[in-house]
Undergrad: 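Can you keep this structure in mind? I'll have questions shortly.
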Amino acid sequence: MDRPPVSENYRIIFTGPGVAELQAAPLPRPQDNELLIRTRVSLISPGTERAFFLGLPNTSRQYPQPSGYSNIGEVVAVGAQVQGWKPGDRVASAAHHAAYVTVEAAKCLHVPDALPDEPACFFNLTSIALQGIRKARVELGEAVAVVGAGLIGLLAVQLARLQGALPAVSIDQDPQRLEFADAIGVDAALVAGDDLAPRLAELCDGEGAAVVVEATGHPDAILTALTLARPFGRVVLLGSTRGETDHVNFYRDVHKKGLTLIGAHDSARPRLESTHGWWTQHDDRRIALQLLARRRLQVEPLITDRFAWQDALMAYETLQSWSHTALGLLLDWTR
């Protein structure tokens, strides 16, 4: 049986490369425009959080720093100027891993009643994958290949299929990761190797994919993505690349093939108003919650580990070891 909710505040802080600490912290008080939220469950982002945790290239490498940005909680108190929220409401936000957080109410979203806490906490990673698929402008019947069977890649391939991708193909160099792809029902799951391009072409009417989504963040995977795209195709750089890519010949790999390269970092969005193919972060998060509530996406098969908040450091040990059988890591703050 669950224990009573945490009555004191604790948070996870990165204090140096590869060093995470569970620290006691003051109980925050909401400003007039904020909500005080008691966290129920939060999701560790295995790509981005690991990169900042270890201080990989293209991260700030500034410590100490908080961690986490996928938080499902319950409203405890409401600021004086806040409308539309009340204590007891379930709330989705990009708050850090902590027992209690304060968040500007305008940046929070109501969790649909039909959506349990655990799948709900995938809303933010779904939003990140969604903006990449939107920017690709996938048309019904186009072949889409997603390189990388991590959380972002597996969400992206499902979203591409919803957009009309045919086939929707998941690619990874690790067969264990592709077991997750099979579990969510991709059209094909291919192990990366020297013969990858012809194997993909067989699935795509003899050519490469119309859209290739790079979702690993590994510099070498960008060259793979360029190779797999058909002439006049689009390559979406969805993963946050941790380093520089060598041996790209832009004349051979991009120019002669007529490829379009699309930078799809989550920050590359309109701030105030959504438009075709370019939605605001808030709107994509709202749609992500609705897709999850209506079970248009499968995320339960992607949950591999659950940790009580007291054991949070064990989760980061798992993250640091880069276990290929660990994917969705959840932190339970209710016990």
Undergrad: Is a salt bridge present between Arg11 and Glu21, judged by a nitrogen-to-oxygen distance below 4.0 Å?
TA: no

Undergrad: A side-chain contact here means heavy atoms from C-beta on lying under 4.5 Å apart; do Trp279 and Gln131 qualify?
TA: no

Undergrad: Under a 4.5 Å cut-off applied to non-hydrogen side-chain atoms, are Glu207 and Pro231 in contact?
TA: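 The answer is yes, as the side chains (C-beta and beyond) meet within the 4.5 Å cut-off.
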
Undergrad: Does the distance from a Lys or Arg side-chain N to an Asp or Glu carboxylate O, for Arg90 and Asp117, drop under 4.0 Å?
TA: yes

Undergrad: Does the distance from a Lys or Arg side-chain N to an Asp or Glu carboxylate O, for Asp205 and Arg230, drop under 4.0 Å?
TA: no

Undergrad: Are the side chains of Pro28 and Leu36 in touch, meaning some heavy atoms are under 4.5 Å apart?
TA: yes

Undergrad: Please step through side chain to side chain donor-acceptor pair (under 3.5 Å) for the pair Arg285 and Gln281, ending with a clear verdict.
TA: CA-CA 6 Å; Arg285 289 172 176 172; Gln281 192 175 63; 3.3 Å; yes

Undergrad: So that I know where these two stand, are Phe14 and Tyr63 an aromatic pair - ring centroids less than 6.0 Å apart?
TA: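 That pair fails the under 6.0 Å test.
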
Undergrad: Ignoring hydrogens, what is the shortest heavy-atom contact between Lys135 and Ile262? Give both atom names and the distance.
TA: O-CD1, 3.5 Å

Undergrad: Counting heavy atoms not belonging to Asp113, are there more than 12 under 6.0 Å from its CG?
TA: no

Undergrad: Can you find a side-chain donor-acceptor pair between Ser274 and Asp283 that sits under 3.5 Å?
TA: yes

Undergrad: Using distance alone, with no hydrogens and no angle criterion, decide if Arg269 and Ser127 have a side-chain donor and acceptor under 3.5 Å apart.
TA: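 Result is yes, a qualifying pair exists.
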
Undergrad: Assess whether atom CZ of Arg61 is packed by more than 12 heavy atoms of other residues, nucleotides or ligands within 6.0 Å.
TA: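 For Arg61, atom CZ is crowded (more than 12 foreign heavy atoms under 6.0 Å).
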
Undergrad: Cut-off 3.5 Å, side chains only: do Ser45 and Tyr69 have a donor facing an acceptor?
TA: yes

Undergrad: Answer yes or no: is there a side-chain heavy-atom contact under 4.5 Å between Ile72 and Val111?
TA: yes

Undergrad: Does the pair Arg134/Asp284 count as a salt bridge with the N-to-O cut at 4.0 Å?
TA: yes

Undergrad: Which pair of non-hydrogen atoms, one from Lys257 and one from Thr227, has the smallest distance, and what is that distance?
TA: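 It is NZ-O, 3.4 Å.
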
Undergrad: Please tell me whether Tyr316 and Glu49 have a donor and an acceptor in their side chains that are separated by less than 3.5 angstrom.
TA: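 Yes.
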
Undergrad: Got more than 12 heavy atoms from elsewhere within 6.0 Å of CZ, Arg296?
TA: no

Undergrad: Would you please test Thr325 and Phe180 for side-chain contact (heavy atoms from CB on, under 4.5 Å) and show each step?
TA: CA-CA 9 Å; Thr325 59; Phe180 293 105; 5.6 Å; no

Undergrad: Please work out whether the ring planes of Trp322 and His324 are parallel, tilted or perpendicular, with thresholds of 30° and 60°.
TA: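 Rings of Trp322 and His324: perpendicular, over 60°.
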
Undergrad: Going by heavy atoms in the side chains, are Trp333 and Val41 under 4.5 Å from each other?
TA: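 They are not in contact (no side-chain heavy atoms under 4.5 Å apart), so the answer is no.
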
Undergrad: Does Lys86 offer a backbone N or O that forms a donor-acceptor pair with the side chain of Asp89 under 3.5 Å?
TA: yes

Undergrad: Glu118 side chain to Cys121 main-chain N or O, any donor-acceptor pair under 3.5 Å?
TA: no

Undergrad: Under the 3.5 angstrom rule, does the side chain of Glu34 hit a backbone N or O of Gln31 as a donor-acceptor pair?
TA: yes

Undergrad: Measure from the ring center of Trp309 to the ring center of His97 and say whether it is less than 6.0 Å.
TA: no

Undergrad: Are the side chains of Val235 and Thr260 in touch, meaning some heavy atoms are under 4.5 Å apart?
TA: no

Undergrad: Taking Gln158 for its side chain and Leu155 for its backbone only, find out whether a donor-acceptor pair lies under 3.5 Å.
TA: no

Undergrad: Assess whether side-chain contact (heavy atoms from CB on, under 4.5 Å) is satisfied between Leu228 and Leu226, documenting all intermediate values.
TA: CA-CA 6 Å; Leu228 297 178; Leu226 298 176; over 6 Å; no

Undergrad: Does either side chain, that of His282 or that of Thr280, offer a donor lying less than 3.5 Å from an acceptor on the other one?
TA: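 No, no side-chain donor-acceptor pair sits under 3.5 Å.
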
Undergrad: Which is it for Gln65 and Ser67 under the side chain to side chain donor-acceptor pair (under 3.5 Å) test, yes or no, and what are the steps along the way?
TA: CA-CA 7 Å; Gln65 61 175 277; Ser67 63; over 6 Å; no

Undergrad: Any side-chain heavy atom of Tyr10 sitting closer than 4.5 Å to one from Gln23?
TA: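 Side-chain contact under 4.5 Å: no.
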
Undergrad: Are Gln320 and Glu317 side-chain neighbours, meaning at least one heavy-atom pair lies under 4.5 Å?
TA: no

